[in-house]
There are 4 protein chains.
Amino acid sequence: MAGSLNSVQLIGHLGRDPEIRTTQSGNKVANLRLATSESWKDKAGERQERTEWHTVVIWGPLADVAEKYARKGSRLYVRGQLRTRSWEKDGVERYTTEVVVQGYGAELILLDGRNGSGGGSTGGGGGRQAARDAGGEGSGSSDGWDDEIPF
Amino acid sequence: MAGSLNSVQLIGHLGRDPEIRTTQSGNKVANLRLATSESWKDKAGERQERTEWHTVVIWGPLADVAEKYARKGSRLYVRGQLRTRSWEKDGVERYTTEVVVQGYGAELILLDGRNGSGGGSTGGGGGRQAARDAGGEGSGSSDGWDDEIPF
Amino acid sequence: MAGSLNSVQLIGHLGRDPEIRTTQSGNKVANLRLATSESWKDKAGERQERTEWHTVVIWGPLADVAEKYARKGSRLYVRGQLRTRSWEKDGVERYTTEVVVQGYGAELILLDGRNGSGGGSTGGGGGRQAARDAGGEGSGSSDGWDDEIPF
Amino acid sequence: MAGSLNSVQLIGHLGRDPEIRTTQSGNKVANLRLATSESWKDKAGERQERTEWHTVVIWGPLADVAEKYARKGSRLYVRGQLRTRSWEKDGVERYTTEVVVQGYGAELILLDGRNGSGGGSTGGGGGRQAARDAGGEGSGSSDGWDDEIPF
DNA sequence: TTTT
DNA sequence: TTTT
C-alpha cells in the first residue's frame, strides 16, 4: 500500500545502559529501554504520574551512536516506526511492539552529555551527539542543489 | 519526570469497521485496526511489501467521529501516544501496545469520504471529517488573542 | 550544531497546480501553495475559520511525483523542513519562509486521486501516490536486516 | 476546510534571552529566536554547516515557562504551528512566518537546566521543565478514564 | 483485516 | 544570535 505514515517520536530517559548485539552478518543493533512520563491532577486535585516504558531497537550507524554515547539516565529524542513482532514461548504466541529506529527518516538525538550510570566512563564521549540513519547518503543539502535558484 | 514526548502518527487504512464500546461511566471508546505498509526492492530487485497492523484506541469526542465516519477501508490520520497494557491469560502475563488517541494533542483526520463497508450509508456523513480531543476547548485561536499585536 | 530537529508536517489542499521548474544543472523543483485551515467558535459562539497558506518547495524525485499526480485541489501530506530565504527587491531585503521537502526524512503522500482542476488530465496518473526522497536508497528494510534476530 | 494538519517541531538553541511582552488585555507572549542547524559533507569532502533561525512565538501559560526557564543558549523542543503575518513598512507589504506555540497540541520542553545568561538565577528554577498549553485542561488521563477497561 |  |  502506498501512502502510509508510521512514525513514533519519543523524548525520554534510558532506564539502563543500551544492550548492544551484533547479528551473524555483522550488523550492530542497540536495544534501549526508554521512559516517558506524564503527570496530571486527578479529580481530587492530587498530582498523578504515569511512566510508560518503550523498547527502542536501533540498527545501523545509529546503533554505534547509542553504544558510544547513550547510558542509563541519558535523555534522548528518537524518531522511528512501530513494529510488532510475534514470538512463541511455552507454546503460546506472544507479541512485542517496538520502536524501530532504522531506515528512512530514523533519527536519534542525544539531549545531554551526562553518562548517568555514575561509574563507568562512556569511553571518549558523552557530549551532545546526533545522527541519522544515512549510510553515506545524508542531509538536505548533500546533493549540491542549494546554490541554485529555481524560482 | 517532566519533559517527555510520546507521540505516534499514523496514516493508513482500517482493516475493519471500528468497534465501539461504552464504559460503565458512559464514556465512549472506539477500537480500530489500522494498517500501514511500506514497500521496497530487495537485493534481487524484487518488490517487497510489509504491512504493519496497529491497534488504535480512541476515547472521548473523537470516538464519536470514528463511530460516525470511519469504516473498513477508510484512510485516516491519527496522532496519539503509545501505551502498553498488561493483562493475564491462562496465568500468563501478556502485554499489548496500543496507540491511544486521547487527551492533549490527540488528533483524528478522516482522509476520504468513502464508507468502505459496501452497502450502508454512514448515516449523515462520510465526508471529510476531522476533530481533536478538545471537549469544548479547542484550537489555537479560541482564546481571542489573535487580534492583539504584542510585538 | 549537532542535535537539531527542524520538521514541518502539513496536511492540506493545493490552491493551484504545482509549478515545475528545472535548474540549470537539470534538477527538478516543484513549487506548491498548500492551504491548511482551522476553525473554532469565538466568544460569541460564532464559527470562525482561518486559512493558512504555505509555500512548499519539493526537490528531486518527489518533485516528479508532485508533477505527475498533484493538482489544484489535491489533498496531500508533506514532511519537510523550514527554510527562510532572503532576497532583495527595490533595494529592500525581504524574507520568505518555505517548507522544503528535500533530503533526509522528506515525505510526500498524495491523499486522494482527484485531479481537482476539472479540466486537464493529469496525464496518466491521479491515483494514490506516495514517495520519499530516497534516490535508490530507501525504506527501513532495504538493507536486508529484517530476517535477522539479534535479541 | 476540515481535516488539516499544521505542525512544526523544532529542537535547537536560543540565540538570545526570550523577549516577554504583555498585551493590553493582559496576555503574556514570549518571542524566541531558535537556531537549528545541519551539517553534511560536500562533494569535496569538506564539512559544511547551515544554521536556520526560527522565530517562535509562545502564548499563554507556556510563555510563563519560557520566561522563567529559557535563556540564551538554552536547548529546547517546541511543537507549534506555522503562521505567516503580513505587515507594512515604508508602504511595502512584508511577510513574516513564525512558529506559533499556542493552543491545542502546543508543546514546550526545556532540554537542559543551564541558565545560559551567565549571571542571574532564573528565579527558582532552571531545572528540567516542560509544559503544555493546557489552561487547567490537561494531559491524557485527566479525564479519569484510565481505570476503566472497555475491551 | 486495509490499501495499491 | 545559539550550539558542537
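Per chain, numbering begins at 1; letters A, B, ... match sequence-line order.
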Open item on the list: Without decimals, in angstroms, what is the distance between B:N31 CG and E:dT1 C1'?
Closed with: 13 Å
Task: Polar pair under 3.5 Å, donor/acceptor by atom type, side chain D:R75, base F:dT3 - done: no
Task: Polar pair under 3.5 Å, donor/acceptor by atom type, side chain B:S39, base E:dT4 - done: no
Open item on the list: In whole Å, I'd like the distance from the CD atom of D:E49 to the P atom of F:dT4.
Closed with: 11 Å
Task: B:R47/B:E49 ion pair, N-O < 4.0 Å - done: no
Task: Intermediate values then yes/no, side-chain contact (heavy atoms from CB on, under 4.5 Å), B:L111 and C:R75 - done: CA-CA 9 Å; B:L111 294 173; C:R75 190 188 215 184; 3.7 Å; yes
Open item on the list: What is the separation between atom CG on B:L34 and atom P on E:dT2, rounded to the nearest whole Å?
Closed with: 13 Å
Open item on the list: Using whole Å, what does the distance between atom C1' of nucleotide F:dT4 and atom CZ of D:R47 come to?
Closed with: 10 Å
Open item on the list: Let's see if you can work this out: which of F:dT1, F:dT3, E:dT2 has an atom nearest to the side-chain heavy atoms of B:H13?
Closed with: E:dT2
Task: Separation of F:dT1 P from D:E52 CD (nearest whole Å) - done: 17 Å
Open item on the list: Rounded to whole Å, how long is the line connecting atom NZ of D:K72 with atom C1' of F:dT2?
Closed with: 8 Å
TODO: Return the set of residues passing side-chain contact (heavy atoms from CB on, under 4.5 Å) with C:E88 (not counting sequence neighbours), or none when no residue passes.
DONE: none
Task: Sequence-distant partners of D:A106, side-chain contact (heavy atoms from CB on, under 4.5 Å), two or more places apart - done: B:Y104, D:L62, D:V101, D:D133
Task: Separation of atom CG in B:L76 from atom P in E:dT1, rounded to whole Å - done: 19 Å
- [ ] Send over the distance from D:I11 CD1 to F:dT4 P, rounded to a whole Å.
- [x] 15 Å
Open item on the list: At less than 3.5 Å, do the side-chain atoms of B:S37 and the base atoms of E:dT2 form a donor-acceptor pair?
Closed with: no
Task: Aromatic-base stack, D:W53 on F:dT1, cutoff 5.5 Å, angle under 30 - done: yes
